[in-house]
Amino acid sequence: MKSVNLYIPLLLLLFLAGACGTKKSDGASGALSDDALLDTVQRRTFNYFWDGAEPNSGLARERIHMDGVYPENDQNVVTSGGSGFGIMAVLAGIHRGYVTREEGLARMERIVSFLETADRFHGAYPHWWYGDTGRIKPFGQKDNGGDLVETAFIMQALLAVHQYYAGGNPQEKALAARIDKLWREVDWNFYRQGDQNVLYWHWSPEYGWEMDFPVHGYNECLIMYILAAASPTHGVPAAVYHEGWAQNGAIVSPHKVEGIELHLRYQGTEAGPLFWAQYSFLGLDPNGLKDEYCPDYFGEMRNLTLVNRAYCIRNPKHYKGFGPDCWGLTASYSTDGYAAHSPNERDDRGVIAPTAALSSIVYTPEYSLQVMRHLYDMGDKVFGPYGFYDAFSETDNWYPQRYLAIDQGPIAVMIENYRSGLLWKLFMSHPDVQQGLRKLGFQLSSDTPISAS
């Protein structure tokens with residue numbers, strides 16, 4: 001009897017030891033189901049745009065540095081495109097119950113109030129504002145006016161918000177009406193610079209068109225052309241898409257990278273950084289989507305992701321840590337400033353950005369979850385109060401505890417799209433979006449034209 005009494009406490013101690021081993025501090029992501037892990041990462045990342053938001057505007061700070069070091073004193077500068085991604089992340093957070101519907105509505109009202117009075121240029125927003133005043137902070141000397149690409153990113157989000165609230169209570173419907181007014185005030189046609197059949201990225205009240213950046217595909221800017229065609233007040237003709245974005249078919253360039261087939265021409269490289277597969281598709285649903293230039297946008301973006309993964313596994317520059325559970329090259333902080341990392345030896349600096357693989361979860365769920373578990377098991381070195389830090393390099397033992405809004409946002413949004421398709425459903429349900437897609441000749445699967453229903 002004495003031996004039994006000793007044996008039971010021993011079993012209890014072993015059980016407790018095993019239970020303690022499942023805690024986050026012990027790095028055992030295996031203790032979490034896929035859904036629990038996804039929710040943990042989504043909730044932490046949501047907090048960047050909720051707890052970490054700039055208080056006056058409610059928008060996303062361009063950057064949050066946990067070390068408190070801001071060489072340009074820009075801790076209260078907010079970003080338009082990154083805020084668009086963050087607005088969608090907040091919508092997902094409301095849906096998940098991270099905050100109440102009432103709290104979410106109050107935040108959206110604060111954001112829209114800021115956007116109604118902040119600097120705009122022919123209806124288009126700049127890249128950055130000072131969050132306390134709404135006045136523009138130049139992104140560069142001549143980049144001190146409208147930024148049509150960043151405007152598209154924030155409008156993509158606002159149209160999703162519109163659909164979320166358009167059928168709600170009177171207060172929610174009033175907010176949807178205010179969003180509709182902002183949407184209708186963007187003068188996409190102006191950014192053709194004299195009715196050319198191409199869209200220009202920038203315009204400045206001081207420097208005019210001196211930035212001289214006509215936007216051609218393929219890159220992250222597809223959503224800009226779709227929204228420009230969709231506008232009910234300043235919509236551009238279809239020729240702007242076909243001649244400007246698609247360059248009369250020159251966008252089509254079948255080729256292989258890492259033995260994987262790609263159909264489109266990627267500007268300046270054979271396979272672009274992974275944000276090219278993400279930013280336009282936070283609201284635009286790639287599933288079954290095609291047009292005369294791409295027979296399968298989901299398949300194309302999945303293959304672009306697989307190229308990125310295959311390159312990192314091959315790891316021709318022999319960086320430490322690269323492999324099946326640690327891949328992902330995109331634009332992010334880098335060991336020397338900020339850089340667009342791509343799957344080629346010229347643009348590969350040995351820097352992994354968690355957003356690259358995690359925001360690709362809609363395309364490569366099994367592989368993205370593998371990376372997510374590995375990063376989670378790396379612990380506090382890469383995981384902080386607002387989710388995974390922006391980037392790291394094992395080769396250089398470089399682990400800055402810093403965040404960028406434009407990288408955090410897609411993580412939370414694409415996790416939600418993977419879990420429920422929420423942001424896709426909202427954005428694609430907007431009648432103006434459907435009209436724009438029809439105008440440009442987009443189709444869904446089975447050769448079915450985009451429907452307004």
Side-chain angles (χ1 to χ4, degrees), residues 81 120-125 145-156 159 183-204 208-254 262-268 272 276 279-281 283-286 288-297 300-301 427-428 430-444 447-452:
R120 281 185 283 173
F121 305 88
H122 295 273
Y125 292 116
D147 184 314
L148 201 63
V149 174
E150 300 293 310
T151 297
F153 295 152
I154 201 168
M155 283 297 156
Q156 178 179 219
L159 293 183
W183 158 237
R184 290 169 176 267
E185 289 173 349
V186 181
D187 191 348
W188 307 89
N189 251 311
F190 174 80
Y191 284 83
R192 294 167 63 192
Q193 191 189 158
D195 292 335
Q196 297 178 56
N197 283 335
V198 67
L199 291 173
Y200 281 78
W201 196 308
H202 316 89
W203 178 82
S204 160
W209 302 103
E210 288 186 34
M211 291 288 290
D212 193 28
F213 197 150
V215 180
H216 306 296
Y218 182 83
N219 49 45
E220 76 275 25
C221 304
L222 174 63
I223 191 68
M224 176 181 69
Y225 275 90
I226 289 172
L227 291 178
S231 171
T233 49
H234 303 286
V236 304
V240 175
Y241 176 76
H242 297 299
E243 296 178 26
W245 174 253
Q247 291 189 286
N248 296 306
I251 193 174
V252 178
S253 180
L262 295 173
H263 187 75
L264 299 176
R265 180 191 63 181
Y266 293 82
Q267 292 285 334
W276 288 8
Y279 289 0
S280 286
F281 297 103
L284 181 67
D285 186 352
L289 190 70
K290 63 182 179 179
D291 67 359
E292 64 184 274
Y293 308 109
C294 184
D296 178 8
Y297 277 95
E300 181 77 5
M301 296 302 102
F427 179 77
M428 295 295 283
H430 197 290
D432 290 345
V433 171
Q434 295 178 3
Q435 174 61 28
L437 289 167
R438 280 201 305 274
K439 180 196 289 189
L440 300 183
F442 279 87
Q443 294 181 317
L444 293 174
D447 295 317
T448 303
I450 301 289
S451 170

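Just so it is clear, the values below take in all heavy atoms, side chains as well, and ignore hydrogens, waters and symmetry mates.
Distance check: E210 CD to S204 OG gives 8.0 Å after rounding to the nearest 0.5 Å. With rounding to the nearest 0.5 angstrom, the CD atom of Q434 is 14.5 Å from the NZ atom of K439. With rounding to the nearest 0.5 Å, the separation of CZ in F442 from CD in E292 is 9.5 Å. Between the CE atom in M301 and the OG atom in S280 there is a gap of 9.0 Å [rounded to 0.5 Å]. Annotation: the span from D432 atom CG to R184 atom CZ amounts to 6.5 Å, rounded to 0.5 Å.
In this structure, L284 and L437 have side chains that are in contact, with non-hydrogen atoms separated by less than 4.5 Å. Side-chain contact check for V198 versus E243: every heavy-atom pair is 4.5 Å or farther apart. For the pair H122/E185, no side-chain contact is recorded, criterion being any heavy-atom separation below 4.5 Å from C-beta on. No side-chain heavy atom of D291 sits under 4.5 Å from any side-chain heavy atom of Q443. Taking the side chain as every heavy atom from C-beta outward, L222 and Y241 approach each other to under 4.5 Å. For the pair P295 and H263, the minimum side-chain heavy-atom distance is below 4.5 Å.
In this structure, S253 contributes its side chain and L264 its backbone to no donor-acceptor pair below 3.5 Å. Using a distance-only test at 3.5 Å, with no hydrogens or angles considered, no donor-acceptor pair links the side chain of R120 to the main chain of A124. Side-chain atoms of Q156 come within 3.5 Å of backbone N or O of G283 as a donor-acceptor pair. A distance-only check finds no donor-acceptor pair linking the side chain of Y225 to the backbone of G217 [under 3.5 Å].
The heavy-atom pair separating L440 from A238 by the smallest distance is CD2-CA, 3.8 Å. Considering every non-hydrogen atom in both C221 and V149, the closest pair reads SG-CG2, 3.7 Å.
Note: Y200 and Y191 fail the aromatic proximity criterion, with ring centroids not under 6.0 Å apart. Ring centroids of W203 and F190 are separated by less than 6.0 Å, placing the two rings close together.
For D296, the side-chain hydrogen bond (donor to acceptor under 3.5 Å, both in side chains) test picks out no residue, with sequence neighbours left out. The side chain to side chain contact (heavy atoms under 4.5 Å, CB included) search around D285 returns N287, W424, M428, not counting sequence neighbours. Partners of A230 according to the side chain to side chain contact (heavy atoms under 4.5 Å, CB included) rule, which considers only residues two or more places apart in sequence or in another chain, are W183. With sequence neighbours excluded, the residues satisfying side chain to side chain contact (heavy atoms under 4.5 Å, CB included) with A152 are W188, I223, M224, L227. Residues meeting the ring-ring contact (aromatic ring centres under 6.0 Å, His included) test with Y279, sequence neighbours left out: F85, F153, F275. In terms of the side chain to side chain contact (heavy atoms under 4.5 Å, CB included) criterion, residue partners of Q267 (sequence neighbours excluded) are, by chain and number, H216, N219, Q247, R265, W276.
In summary, the side chains of Y293 and H242 do present a donor paired with an acceptor at a separation below 3.5 Å, with no hydrogens or angles considered.
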Audit row: W245, Y218, side chain to side chain contact (heavy atoms under 4.5 Å, CB included) steps and yes/no: CA-CA 8 Å; W245 174 253; Y218 182 83; 3.5 Å; yes

Check step by step if side chain to side chain contact (heavy atoms under 4.5 Å, CB included) holds for L262 and E300. CA-CA 6 Å; L262 295 173; E300 181 77 5; 3.8 Å; yes

Stepwise side chain to side chain contact (heavy atoms under 4.5 Å, CB included) test for H202 and L148: CA-CA 6 Å; H202 316 89; L148 201 63; over 6 Å; no

